[in-house]
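Working notes for the structure below.
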There are 2 protein chains.
Amino acid sequence: MDKKSPIKITLTERNDAVTITQWVYQTLRDAVMYGEILPGRALTIRELAGIMDVSPMPVREALRQLAAENALEIQGNRRVMVPNMTAMKFNELCEARIAIESHAAARALPYIDSDLLDQLRTLDNLIDAAQEAGNLEQISLLNQNFHRALYTANPHQVTLPLIESLWLQLGPFMRLATNELDEHYLVDRHNEAMAAIEKKDAYALQVAISADIREGIAFAGTPEMLHAFIENAGH
Amino acid sequence: MDKKSPIKITLTERNDAVTITQWVYQTLRDAVMYGEILPGRALTIRELAGIMDVSPMPVREALRQLAAENALEIQGNRRVMVPNMTAMKFNELCEARIAIESHAAARALPYIDSDLLDQLRTLDNLIDAAQEAGNLEQISLLNQNFHRALYTANPHQVTLPLIESLWLQLGPFMRLATNELDEHYLVDRHNEAMAAIEKKDAYALQVAISADIREGIAFAGTPEMLHAFIENAGH
DNA sequence: ATATATTGTTTGTGATCACAAAAGATAAAA
DNA sequence: TTTTATCTTTTGTGATCACAAACAATATAT
């Protein structure tokens with residue numbers, strides 16, 4: 001029955017306060033972000049609807065939304081899939097992250113108060129703990145929370161949706177690489193970021209954020225490793 | 001019958017090679033970009049479907065896609081509308097444009113050949129002509145084409161969708177201001193950009209693009225004018 | 001007159017169906 | 001074996017419908 005590799009999706013608990021479309025969207029988004037769907041694998045509405053036990057309608061809407069966020073790709077054939085990755089594109093995504101996120105950080109700086117600083121410190125401690133425990137998923141989740149908390153300090157911020165789109169596009173391939181890593185070494189750049197915040201030093205903050213992003217990538221594996229995964233991911 | 005102000009949307013010709021959903025999407029996108037829909041005005045699926053003489057289904061999908069691109073806002077009440085603008089948010093959008101587009105320009109620079117340079121020159125001449133003719137819509141359309149052509153020179157480029165999202169968010173309010181301008185003065189920064197390209201000077205290119213964006217905003221009106229429009233747009 | 005309850009209407013959501021296009025499978029021809 | 005043609009199945013699209021939640025308007029009570 002399965003056309004190609006069977007799709008295995010982690011189904012989270014249905015919350016009644018949320019529409020079916022929203023639940024389907026979140027579920028598929030997580031599946032993409034955590035690399036549960038192979039790039040190039042054709043996604044059909046009815047198949048997903050069957051897996052998730054809903055009608056095709058909410059799936060249609062969720063797929064379209066994810067495509068608009070560049071998490072999925074709709075080909076001319078109307079086929080939907082996780083886009084294939086290339087080494088060059090991966091690099092562009094990383095550089096885009098650095099450019100936009102360091103900008104977002106600098107723009108948020110004037111709005112950061114001591115409350116938020118405490119909150120960031122708490123997140124940083126949680127990350128340290130997750131790192132000792134070697135929980136990779138927890139680390140990347142908490143790391144996202146750290147960055148999100150920083151950027152959203154700016155109440156007029158407009159770049160977070162764009163940043164989330166980049167995270168979504170990188171997500172599946174970060175995972176592919178980190179799966180193979182049993183040992184990892186990560187300098188804590190968050191401390192540098194928080195020191196910069198305390199000094200209200202925008203430039204130092206940008207440097208710290210850039211370094212954090214670059215090392216998060218490096219943490220995903222050596223360039224050679226990453227490229228091997230990326231180029232073979234479609235097959 | 002009209003709940004509030006009647007919605008007037010420019011209906012372009014239906015192309016049979018395109019799905020109804022795509023046509024509806026493009027039509028609504030243009031309507032938002034050109035400020036044909038008032039910010040805060042509630043958009044209902046059935047009303048738009050009636051105006052465009054299609055079933056509610058394609059309208060639903062188009063609205064969701066535009067919302068995912070931050071062109072529309074879905075409130076908790078499930079109401080859809082063009083988001084209201086504030087002076088601070090407007091400023092954030094402009095600064096985000098500058099940060100991302102100058103990055104995209106620098107990343108495209110190594111890929112620009114003489115063919116594309118000629119193409120840019122042609123566009124620049126068309127802009128000059130439109131400027132003499134005083135055709136505001138033509139100017140902003142050609143200006144977008146100029147920027148798009150530049151950024152897409154990079155075949156691995158990933159930021160154009162993000163940039164288009166920013167253009168969409170700014171579009172309606174650029175229009176509100178420019179409507180009131182009968183006289184305008186615009187330095188041609190595109191020449192500076194092309195000079196930087198010829199010299200393969202990334203920094204000079206970023207300066208030129210930044211200046212072009214800033215003056216495109218200034219061209220939309222004095223800050224005071226703009227703010228007056230923005231703050232009153234919702235009422 | 002103001003606040004509260006009730007009724008009728010509109011709206012988004014999600015399910016089902018019909019249909020044409022795309023993909024896959026099978027048979028025929030080279 | 002490889003290509004080409006024909007048939008079958010699957011799939012996205014778009015229309016229609018049922019229903020509950022949101023909204024608007026009216027009536028009732030304070």
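Numbers restart at 1 for each chain; the letters A, B, ... are given by sequence-line order, proteins then strands.
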Once the angle between the rings of A:Trp167 and A:Tyr151 is folded into 0 to 90°, is it parallel (under 30°), tilted (30 to 60°) or perpendicular (over 60°)? tilted
Atom [atom1] of [X] to atom [atom2] of [N]: distance rounded to whole Å?
X	N	atom1	atom2	result
B:Gln22	D:dG12	CD	C1'	12 Å
B:Ile20	C:dA21	CD1	C1'	15 Å
B:Gln75	C:dG12	CD	P	12 Å
B:Ile45	D:dT16	CD1	C1'	14 Å
B:Arg78	D:dC19	CZ	C1'	12 Å
B:Met81	D:dA22	CE	C1'	16 Å
B:Leu48	C:dG12	CG	C1'	13 Å

At under 4.0 Å between heavy atoms, what does B:Ile74 touch on the DNA or RNA strands: base, sugar-phosphate, or nothing? nothing
With a non-hydrogen cut-off below 4.0 angstrom, is B:Arg46 in contact with a base, only sugar-phosphate, or nothing? base
Is the shortest heavy-atom distance from the side chain of B:Lys89 to the side chain of A:Gln157 under 4.5 Å?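 Side chain of B:Lys89 against side chain of A:Gln157, heavy atoms only: no contact under 4.5 Å found.
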Using a 4.5 Å cut-off on heavy atoms from C-beta on, say whether the side chain of A:Arg41 contacts that of A:Ile7. yes
At their closest point, which heavy atom of [X] faces which heavy atom of [Y], and how far apart are they?
X	Y	value
B:Leu11	B:Ile51	CD1-O, 4.1 Å
B:Ala108	B:Asn154	CA-CB, 3.8 Å
A:Ala96	B:Val158	CB-CG2, 4.2 Å
B:Leu168	B:Met33	CA-SD, 4.1 Å

Would you indicate which nucleotide in D:dT13, C:dA23, C:dG14 comes nearest to any side-chain atom of A:Thr21? C:dG14
Can you sort out which residues in residues 53-73 of chain A have a heavy atom within less than 4.0 Å of DNA chain C? Ascending by number, please. A:Ser55, A:Pro56, A:Met57, A:Pro58
Can you find a side chain N or O atom of B:Asn77 that sits less than 4.0 Å from OP1 or OP2 on D:dC23?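 True: B:Asn77 side-chain N/O within range (under 4.0 Å) of D:dC23 OP1/OP2.
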Here's a test of your reading of the structure: between A:Arg79 and B:Arg79, which maps to the more 5' nucleotide of DNA chain C?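 So the residue in question is B:Arg79.
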